[in-house]
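Take a look at the structure set out below.
Every chain is numbered from 1, with letters handed out A, B, ... down the list of sequences.
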Amino acid sequence: MKFLRNQLDKVKHSFEKGGKLEKYYYAYEAIDTFLFAPNSTNGVKGSQIRDAIDLKRLMITVIVAMVPCLLFGIWNVGHQHFLAIGQPDAALGDKIWIGAIQVVPIIIISYGVGLGIEFLFATLRRHPVNEGYLVTGMLIPLVMPPDIPLWQVAVATAFAVVIGKEAFGGTGMNVVNIALTARAFLYFAYPTDISGSVWTYLGDGQAVAGYSGATPLSIAGDAVTSGANVVESFGSFGAGWNDGVYTLSNLFMGLRPGSIGETSTLMCLIGAAILIATGAGSWKIIVSVFGGAYLMGLFLNLVGGNAFLEMPAHYHLVIGGLAFGAVFMATDPVTASQTESGKWVYGLLIGMFTVLIRVFNPAYPEGIMLAILLMNVFSPLIDYFVVSANKKRRLQRATV
Amino acid sequence: MSTAVAEVVEKKSEPLFSKKNKKLITNPLDIDNPITVQVLGICSALAVTTQMKPALVMSIALLVVTTSSNGIISLLRNTIPSRIRIIVQLAIVSLWVILVDQVLKAYSYELWKQLSVYVGLIITNCIVMGRLEAFAMGNKPGPSLLDGFGNGLGYGLILLIVAFFRELFGGGAIFGFKVFDAMGIHYTGNGIMLLPAGACFIVGIVIWVQRSLNGYRETH
């Protein structure tokens, strides 16, 4: 530590005003504040009491909330890998090892590319590097399939950070969620690499007899034409190599193939508890996304018509990435609605659109990504109506 | 035919390629670009730019139409009753569009099929109508021709830039020539570039780059 400090101090003068690397001062400053707590203090006059929660701490809180999903995801990637190649008795260490060598490179690429662009823009625009990318850099790997080509992660990250964020002015100015922008980019740019049976990492291993990469959503989608009962199909799926992979309890626990961090509803709920307890995420949004999806599911049960519509509504809450989206994506404070009653509307509509897209649009098996991106765009409008309703109410109350 | 008349008119006042008139050609290429600054003609810019070849043909078609209709409308400008000027303009524009359309159909049928309705839709292209209304109705034929030519060039420039990136990243080719394959690199086509959204992104980036280079700001 001392050595680092000395090294930083040694090169400091060349970055300061008049130094030969003056242009790169903000890159230097970012590294300095990242490694050491800044030594600047408030002036002797003026307010001295501050809340300890700043942007950096908020971001770290969200990352802590993601840790259960991440650790579970790493293990689950390995677990599903061994199930798919017919070695259900593989040791815990092996599973974690396989998961780690798939997941860690994705995380490194995501942070490397994203922070690189962040540094570049900070230097070009002469503003301090801020912590905006810390959470995004972790969210992107969690919504990727385990065996996504790394160059695609890099391209998607670069696209999301440049077009999704820097084009709008940087941290806090983005209109849509950046991590979902990355995911949506891959979804439309390389559809074959992010659909079908990519959700389990097979590696060099040979898939076990009877193996199928179908996801709950694709099974439910197929039920529309075949008319098979969705719950029964879930129950019988995986017989012989991964018994009961899509039973309700298994879906809730997340012992199934899927994007790295999205599979486990339980881990997402633990994350939600951390976010709510620390005040980093809005409980209203989380509750209303789940509520909206459930209500829409119930409504479609009533309408009926095909097997997918008749799937019990609570299944919608545990399949796909609804839980992960509700907890970590929809609550993004920059892109969500800002008004308290607006948050209810925003969350409800996300939940409802998710289920609608799932059920009625066979081209897009997972609806939560598109639903959140859509509502990100509409959230300022929701806020506008909430604020003008409030103004109207207050004007009526006022007696002049 | 129209050019001859134009030059006669020009001789009285200023030379055709005076400094002011040269601006009529250079401005639409940069600070007054029909697509990136006036934000006109976006629809066709998204539709025909998946490949360079149709984009080039479309640019030439628009260049011909906007130049010649600007010239003719400018010649007629003092005789067109203002209440029916739009329909007169439309009639002249459609004359040129039909000519272009027929030529394309006769000499490159495949491309004509690929461009489909978009050649016909030049009739309603905002750039053509916009230049007629904004320039040709109030200026002499010479400058009007130059203005039409400049705006056609500006349109074509952006179209070709957008098509270049879309074809390169979407299909790994330029004018149908597989660049990456020729270099021995396997290239996976980027599907988003083939969607209209890809054109929107590229037009947006072009606007971003252009405005940070020339410092253009919209004034309210």
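The interface of residues 127-138 of chain B with chain A, defined by heavy-atom distances below 4.5 Å, is empty. Within residues 191-202 of chain B, the residues approaching chain A closer than 4.5 Å by heavy atoms are, in numerical order, B/Gly191, B/Ile192, B/Leu195, B/Phe201. Using non-hydrogen atoms only and a strict 4.5 Å limit, no part of residues 372-383 of chain A faces chain B. Scanning residues 107-122 of chain A against chain B with a 4.5 Å non-hydrogen threshold yields A/Phe121, sorted by number.
For a residue to count as touching a neighbouring chain, one of its non-hydrogen atoms must lie under 4.5 Å from one of that chain's; by this rule A/Phe185 touches chain B with backbone and side chain alike.
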Criterion side chain to side chain contact (heavy atoms under 4.5 Å, CB included) on A/Phe159 and B/Asn190, from CA distance to verdict: CA-CA 12 Å; A/Phe159 175 85; B/Asn190 185 327; over 6 Å; no
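By the neighbour-count criterion of 12 heavy atoms within 6.0 Å, atom CD1 of B/Ile87 is sparsely surrounded, having that number or fewer from other residues, nucleotides or ligands. Around OH of B/Tyr187, the count of heavy atoms belonging to other residues, nucleotides or ligands within 6.0 Å exceeds 12.
Side chains of A/Trp151 and B/Thr188 form a contact here, defined as non-hydrogen atoms less than 4.5 Å apart.
In plain terms, the two heavy atoms of A/Arg125 and B/Trp208 that are nearest each other are NH2-CZ2, 3.5 Å.
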